[in-house]
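This structure is a prediction, so every number in the text was calculated from the model and none was measured. The chains referred to below are lettered A, B, ... by the order of the sequence lines, with proteins before strands, and numbering in each begins at 1.
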Protein chains: 2
Amino acid sequence: MKKNTLGSLIWLRMMRFTHESNNLSNEFLKQFDLTTAQFDVLLQISIFEPITQSELAKKVTVTQGGISRMLTRLEQEQLIVRHQDWKTKFISLTPKGNEKLNNAFEAQLAFQSSFFDETLTKEEQKTLYKLISRVQKNSEQRSK
Amino acid sequence: MKKNTLGSLIWLRMMRFTHESNNLSNEFLKQFDLTTAQFDVLLQISIFEPITQSELAKKVTVTQGGISRMLTRLEQEQLIVRHQDWKTKFISLTPKGNEKLNNAFEAQLAFQSSFFDETLTKEEQKTLYKLISRVQKNSEQRSK
DNA sequence: AATTATCACTTTACTACTCAAATGATAATA
DNA sequence: TATTATCATTTGAGTAGTAAAGTGATAATT
């Protein structure tokens, strides 16, 4: 019989949770005709616009190639614009993109929160946030 | 300016962490010629063998179609066997699969643990495990 | 002025997943 | 015995990601 470490048990739970909740979120966002990844991208753009593609790619942990395709799709649906300045493309939301994000925003945040609100007290959520933040910052460093 | 909820901040950190650490893990496991998903599948088989495909699919949160393809690849590399009994296929590790898993097991668990060992005390890890377990069990219920 | 370098972005080839329709082995029914 | 039903698994079509090679606009060098 193999012996687990505490860390490996945490890792497994987190992987399962993010996988499951990501699937549920994709299902939930269908009413807005968005995927979880698209929502994430639109939100980051709304916070940091105008933002370059490579900066955006880093924020949403996707490769350059990946963000290029995603933005092509979002541009086709007229949710964003790319304004080229020298060799850099600056991304902004269109009014249509802004409206779509605003429509989905509250519902999606309530949806995300529900996973924690249903199981943890406010104090426990604060603790969880502190711990996971430390862990995530470390893995972000290691990714470079 | 949009207002975040505590839950949405936790959600984002978790998504980022699992994405980043999954990428790092795939890189790490190249030395064993495995992906993170394959390691997970082999480990579940070793614990529950003989196990049917549909049970295995549930354990690793992948669809029936997905597990079918994964197992086809693992079978081609002779790491697993599928023994058909009536309409069900029971999956087991081959000696080769067992050996590959044993080779990778300790290293991979140490790798997974390192994300937490580098940032959290043992006590903090226990707390994190308790909290995330409650959250994950809830999302597992909701997935059904 | 022509060539070369730089660098953000795009594209190609590949992998791996999803959903849903098809397959195939057996059981139940007519 | 032929037909139909059942149900785990497979397959086809589509989507989304990766790594790495290609593109194109500008800057630097000769």
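Between B:Glu140 and B:Lys137, none of the side-chain N atoms (NZ, or NE/NH1/NH2) sits under 4.0 Å from a carboxylate O, so this pair counts as no salt bridge. Between A:Glu99 and A:Lys96, no side-chain nitrogen of the basic residue sits less than 4.0 Å from a carboxylate oxygen of the acidic one, so the salt-bridge criterion is not met. Taking the charged nitrogens against the carboxylate oxygens, A:Arg134 and B:Glu124 do have a contact shorter than 4.0 Å, which makes a salt bridge. Ion pairing between A:Arg142 and B:Glu20 fails under the 4.0 Å rule for side-chain N and carboxylate O.
Nearest-nucleotide mapping onto DNA chain C: of A:His19 and A:Thr88, the residue sitting toward the 5' end is A:Thr88. Remark on DNA chain C: of its neighbouring residues A:Glu27 and A:Phe90, the 5'-side contact belongs to A:Phe90, judged by nearest-heavy-atom nucleotide.
Annotation: proximity of residues 57-65 of chain A to DNA chain C (heavy atom, distance under 4.0 Å) is found for A:Gln64, A:Gly65, numbered in ascending order. Of the residues in residues 68-81 of chain A, those lying under 4.0 Å from DNA chain D by heavy-atom distance are A:Arg69, A:Met70, A:Arg73.
A sub-4.0 Å separation between OP1 or OP2 of C:dA25 and a side-chain N or O of B:Lys89 is absent.
We find that NE2 of B:His83 is positioned 13 Å from P of D:dT9, with the value rounded to whole Å. To the nearest angstrom, C1' of D:dT15 lies 12 Å from NZ of A:Lys30. At whole-Å resolution of the value, CG in A:Leu29 and P in D:dT15 are 18 Å apart. Between the C1' atom of D:dT9 and the CZ atom of B:Arg82 lies a distance of 8 Å, rounded to the nearest Å. With rounding to whole Å, B:Glu55 atom CD is found 14 Å from D:dC7 atom C1'. With rounding to whole Å, B:Leu34 atom CG is found 16 Å from C:dT15 atom P. Taking atom CD on B:Gln53 and atom P on D:dC7, their separation rounds to 17 Å, with Å as the unit. Between A:Asp40 atom CG and D:dA16 atom P there is a gap of 15 Å when expressed in whole angstrom units.
Residue B:Thr52 has its side chain nearest to D:dT9 when only D:dT9, D:dG17, C:dT10 are considered.
Taking the centre and axis of the six-membered ring of A:Phe32, the NZ or CZ atom of A:Lys100 falls outside the cone set by 45° and 6.0 Å.
Residues A:Gln136 and B:Arg13 have side chains that bring a donor and an acceptor to within less than 3.5 angstrom of each other. Neither side chain, B:Ser21 nor A:Ser139, offers a donor N or O lying under 3.5 Å from an acceptor on the other. Using modelled atom types and a 3.5 Å distance limit, the side chains of A:Asn26 and A:Thr36 yield a donor-acceptor pair.
Under the side chain to side chain contact (heavy atoms under 4.5 Å, CB included) rule, A:Leu74 has a single partner from A:Thr94, A:Val81, A:Val41, A:Leu93, which is A:Val41.
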